[in-house]
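Order of the sequence lines sets the chain letters (A, B, ...), proteins ahead of strands, with each chain counted from 1. Side chains are part of it too, since the values below use all heavy atoms of this structure and drop only hydrogens, waters and symmetry mates.
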Amino acid sequence: MSAATLPSSAASARPRWWQNRTIRRFARHKLAVIGLVMIVIMIFACVVGPHLLPYDELYIDLRARFAPPLTGSHIFGTDPLGRDIAARLFNAGRISLLVGFFAMVLSTLIGTVIGVVAGYYGGRVGAVLMRFVDAFLSFPSIFLLLALAAFVKPSPFMITVIIAVTSWMEIARLVEAEVRSLRERDFVLAARMLGLPNGWIMFRELLPNAVGPIIVAATLTVARAILLEAYISFLGYGIQPPLPSWGNMLNGAQQYLDKAPWLAIVPGVAITLAVTSFNFIGDGLRDALDARSDLN
Amino acid sequence: MLSYLLNRLWQSLILLVLVSTIGFAVLNLAPGGPLSQFALTPGMTREALDRIAEQMGLNRPLPIQYLDWAWRLLQGDWGTSYRDQRPVLEIISGHLFATLLLMGSSTLISILVGTWIGIKGATKRYSLFDYTATIGAMVALSIPTFWFGLVAIYVFALKLKWLPAGSMYTIGDQSFSDYAIHLIMPSLVLALVNIAVWSRYMRTATLDVINQDFVRTARAKGLAPRRVLMKHVVGNALLPMITLAGLQLPTILGGALVTETVFTWPGMGRLFLDSLGYHDYPVVMGLLMFSAILVLAGSLIADLLVALVDPRIRLG
């Protein structure tokens with residue numbers, strides 16, 4: 001598949017990582033690179049930021065309530081309790097990004113296993129599993145997510161789990177289609193005749209062929225998970241205060257919209273930036289990993 | 001055609017059974033369960049709680065409860081709300097109009113605007129317009145709907161004072177124009193994401209059609225370019241969009257929930273959140289089922305429409 005990367009002469013050195021075609025192609029996608037840089041900056045800010053600020057995210061200063069941005073050392077202003085928004089934003093970013101990341105890992109895991117099993121065995125097993133995929137897709141995901149969130153203890157861990165439980169279906173579909181299209185190929189037949197166990201054939205022979213699309217879908221899932229966390233936390237069923245998340249920072253913002261619009265603007269911009277960046281990265285990866293565009 | 005229709009209906013029914021099982025399991029296996037609501041009443045004793053469980057049939061095994069619930073559902077008895085003892089179906093239908101009005105107007109906007117952007121992007125490929133539309137769609141897909149709603153309220157209701165900040169009508173007015181004015185902001189906010197999705201798909205669909213032989217033939221015949229575009233290209237490019245409209249339904253419904261919250265719109269989304277807050281299980285379950293039925297019916301209708309409109313598809 002990647003025969004083009006073979007060195008043309010024996011004298012040429014082994015290609016360095018930046019000469020890798022996928023990476024070169026990704027680097028040509030300007031928006032994806034900008035997205036990647038944005039995410040790196042955001043992660044850096046969320047890791048380092050809280051240590052550089054004079055306030056922590058829970059420090060309440062009732063004399064400095066509703067301070068607009070750039071008041072003294074409150075660069076993003078303060079909230080109705082006089083807590084520093086910058087400190088809350090960076091700490092919230094840690095939670096929101098971690099929830100997004102781990103929800104992606106978990107949902108990719110669920111989706112991949114179900115997709116591989118359904119695609120490999122096909123028949124009745126496959127049909128039943130894929131009907132489950134369809135059933136989960138028939139709920140608007142926010143309805144299901146809220147129904148789940150309302151009845152579990154809303155710790156970051158549980159929020160991550162329920163987001164994953166409601167967003168694995170696309171990856172399952174994608175993997176199922178890929179595996180189903182490959183399972184009659186000769187290399188699978190060969191593996192069977194060698195007596196390799198089914199598990200090995202599924203995960204070591206078939207699955208690697210779907211890695212490209214899975215990576216793309218997983219990147220887009222991070223974006224989706226961050227959005228979903230923001231939705232349910234905004235509605236009050238996600239991450240619970242005093243623990244800040246980008247979603248729950250917006251939770252009380254509507255009632256102070258006239259008095260303190262920065263309460264809504266600052267976290268909203270952070271969410272939009274993070275989600276846009278992941279979406280752009282996913283788009284760039286799609287171009288870079290798409291085997292079909294090799295022909296062009 | 002008939003056998004396809006029956007087959008498709010049969011599949012939807014199976015899905016509906018699965019969907020109801022999942023919904024029922026989610027709500028009943030959750031810690032607390034339906035009884036937790038009654039346990040909060042002051043002076044509640046263990047014995048009284050057991051009696052309530054007995055009366056409501058909540059002490060039976062779950063599969064039995066499910067079958068009982070499903071059987072009643074089929075007979076049109078969706079249960080009674082814990083909150084105000086009204087039938088669930090009646091409560092839902094009371095909120096249906098508001099949600100359908102919001103979803104309908106927003107879908108209309110997104111189809112019109114999205115189609116236009118998609119066609120223009122495809123015909124002027126790699127132009128400034130095309131790039132802007134592409135990037136704009138990506139950003140629009142990334143903005144949280146509720147936050148976009150908040151920003152819109154801040155700008156158009158609080159600062160410019162052009163539009164009302166929420167609710168569906170002014171008490172005591174309720175004229176057509178009053179509804180319309182209240183509808184503008186929420187339906188535009190809800191439309192944003194769908195405009196993005198729609199324009200992306202429409203662009204791809206138009207590009208697929210534009211390079212086909214019959215388009216070249218039409219041009220070669222000397223038809224006016226505009227006529228070729230409108231009749232030959234757009235007509236065919238719109239076909240896959242029917243399927244897309246069916247697939248987009250869950251997203252629009254979910255978006256409506258969030259939009260309704262921000263704009264205090266009295267629809268199903270608000271009802272869902274309120275019912276969750278009260279642990280009003282029958283209503284929550286009813287809404288989950290209702291939305292699933294809506295989604296399944298939507299995709300069924302979309303598939304049938306495509307079959308009807310597209311002569312190339314023969315369903316047997």
J.: Are the side chain of A:S141 and the backbone of A:L137 linked by a donor-acceptor contact shorter than 3.5 Å?
T.: no

J.: If you tally heavy-atom pairs under 4.5 Å against chain B, which of A:A135, A:G247, A:A274 wins?
T.: A:A135

J.: Between B:W147 and A:A264, is there a donor-acceptor pair closer than 3.5 Å when you use the side chain of the first and the backbone of the second?
T.: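 Such a contact is found between B:W147 side chain and A:A264 backbone.
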
J.: Using non-hydrogen atoms and a 4.5 Å limit, figure out which bit of B:T145 sits close to chain A: side chain, backbone, both or neither.
T.: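 Both backbone and side chain of B:T145 come within 4.5 Å of chain A.
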
J.: Name the member of A:L257, A:I142, A:D134, A:I226 that forms the most heavy-atom pairs with chain B at distances under 4.5 Å.
T.: A:L257

J.: Checking A:A223 against chain B: side chain, backbone, both or neither under 4.5 Å from a heavy atom?
T.: neither

J.: Under 4.5 Å from any heavy atom of chain A, what part of B:F146 do you find: side chain, backbone, both or neither?
T.: both

J.: Which residue, B:T259, B:T264, B:I153, forms the side-chain contact (heavy atoms from CB on, under 4.5 Å) with B:P186?
T.: B:T259

J.: Which one of B:I14, B:V262, B:L141 has the most heavy-atom pairs closer than 4.5 Å to chain A?
T.: B:V262

J.: Could you walk me through whether B:D274 and B:R83 pass the side-chain contact (heavy atoms from CB on, under 4.5 Å) test, one step at a time?
T.: CA-CA 10 Å; B:D274 290 348; B:R83 185 151 49 130; 3.8 Å; yes

J.: Looking only at atom types and distance, does a side-chain atom of A:E176 sit under 3.5 Å from a main-chain N or O of A:G119, one as donor and one as acceptor?
T.: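 Checked: no pair found.
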
J.: Would you compute the distance between atom CG of B:L300 and atom OG of B:S12 and round it to the nearest 0.5 angstrom?
T.: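 B:L300 CG to B:S12 OG: 4.5 Å, rounded to 0.5 Å.
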
J.: Between the side chains of A:D287 and A:R25, is the shortest nitrogen-to-carboxylate-oxygen separation below 4.0 Å, so that they form an ion pair?
T.: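 Not counted as a salt bridge, because no side-chain N and carboxylate O are separated by less than 4.0 Å.
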
J.: So do the side chains of A:I159 and A:P154 get within less than 4.5 Å of each other, counting heavy atoms only?
T.: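 A:I159 vs A:P154: side chains touch.
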
J.: Just give me the residue among A:R224, A:Q254, A:R131 that pairs up with chain B most often, heavy atom to heavy atom, under 4.5 Å.
T.: A:Q254

J.: Under 4.5 Å, counting heavy-atom pairs only, tell me which of A:I265, A:L144, A:L145, A:L273 racks up the most with chain B.
T.: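 Most heavy-atom pairs under 4.5 Å with chain B: A:I265.
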
J.: Going by residue number, which parts of residues 160-173 of chain A are within reach of chain B, meaning a heavy-atom gap below 4.5 Å?
T.: none

J.: Would you mind telling me which of B:L273, B:L276, B:V151, B:T21 has the largest number of heavy-atom pairs within less than 4.5 Å of chain A?
T.: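 Ranked by contacts with chain A, first place is B:L276.
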
J.: Check whether any side-chain N or O of A:Q255 sits under 3.5 Å from a backbone N or O of A:A253 as a donor-acceptor pair, and report yes or no.
T.: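 Judged by distance alone, no pair lies under 3.5 Å.
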
J.: So which part of B:V139 gets closer than 4.5 Å to some heavy atom of chain A, the side chain, the backbone, both or neither?
T.: both

J.: Which one wins on heavy-atom pair count under 4.5 Å against chain A: B:V284, B:I22, B:L16?
T.: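 Of the candidates given, the most pairs with chain A belong to B:I22.
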
J.: Pick one of side chain, backbone, both or neither for B:V17, based on which atoms fall under 4.5 Å of a heavy atom in chain A.
T.: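 Neither part; nothing is under 4.5 Å.
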
J.: Between A:K259 (side chain) and A:Y256 (backbone), is there a donor-acceptor pair under 3.5 Å?
T.: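 Checking the backbone N and O of A:Y256 against the side chain of A:K259, no donor-acceptor pair under 3.5 Å is found.
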
J.: Could you please spell out the steps behind the side-chain contact (heavy atoms from CB on, under 4.5 Å) verdict for A:Y231 and A:L146?
T.: CA-CA 9 Å; A:Y231 280 130; A:L146 282 171; over 6 Å; no

J.: Quick check against the 3.5 Å criterion: does A:E229 have a side-chain atom that pairs as donor or acceptor with the backbone of A:S96?
T.: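 Absent.
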
J.: Please look at A:L227 and chain B and tell me whether the side chain, the backbone, both or neither of the residue comes under 4.5 angstrom of a heavy atom of that chain.
T.: side chain

J.: Side chain, backbone, both or neither: which part of B:L296 has a heavy atom under 4.5 Å from chain A?
T.: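 The side chain, not the backbone.
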
J.: Answer yes or no: are there more than 12 heavy-atom neighbours, outside A:F101 itself, under 6.0 Å from its atom CZ?
T.: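 Open.
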
J.: What part of A:F278 gets within 4.5 angstrom of chain B, counting heavy atoms only: side chain, backbone, both, or neither?
T.: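 A:F278 has no heavy atom closer than 4.5 Å to chain B.
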
J.: As an exercise: rank B:V295, B:I135, B:T261, B:L18 by heavy-atom pairs under 4.5 Å with chain A and give me the winner.
T.: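 Heavy-atom pairs under 4.5 Å are most numerous for B:L18.
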
J.: Quick one, B:F24 with B:L288, criterion side-chain contact (heavy atoms from CB on, under 4.5 Å). Give me CA distance, side-chain angles, the key distance, then yes/no.
T.: CA-CA 9 Å; B:F24 197 83; B:L288 275 180; over 6 Å; no

J.: Out of B:G298, B:P144, B:A157, B:A292, which one racks up the most heavy-atom pairs below 4.5 Å with chain A?
T.: B:P144

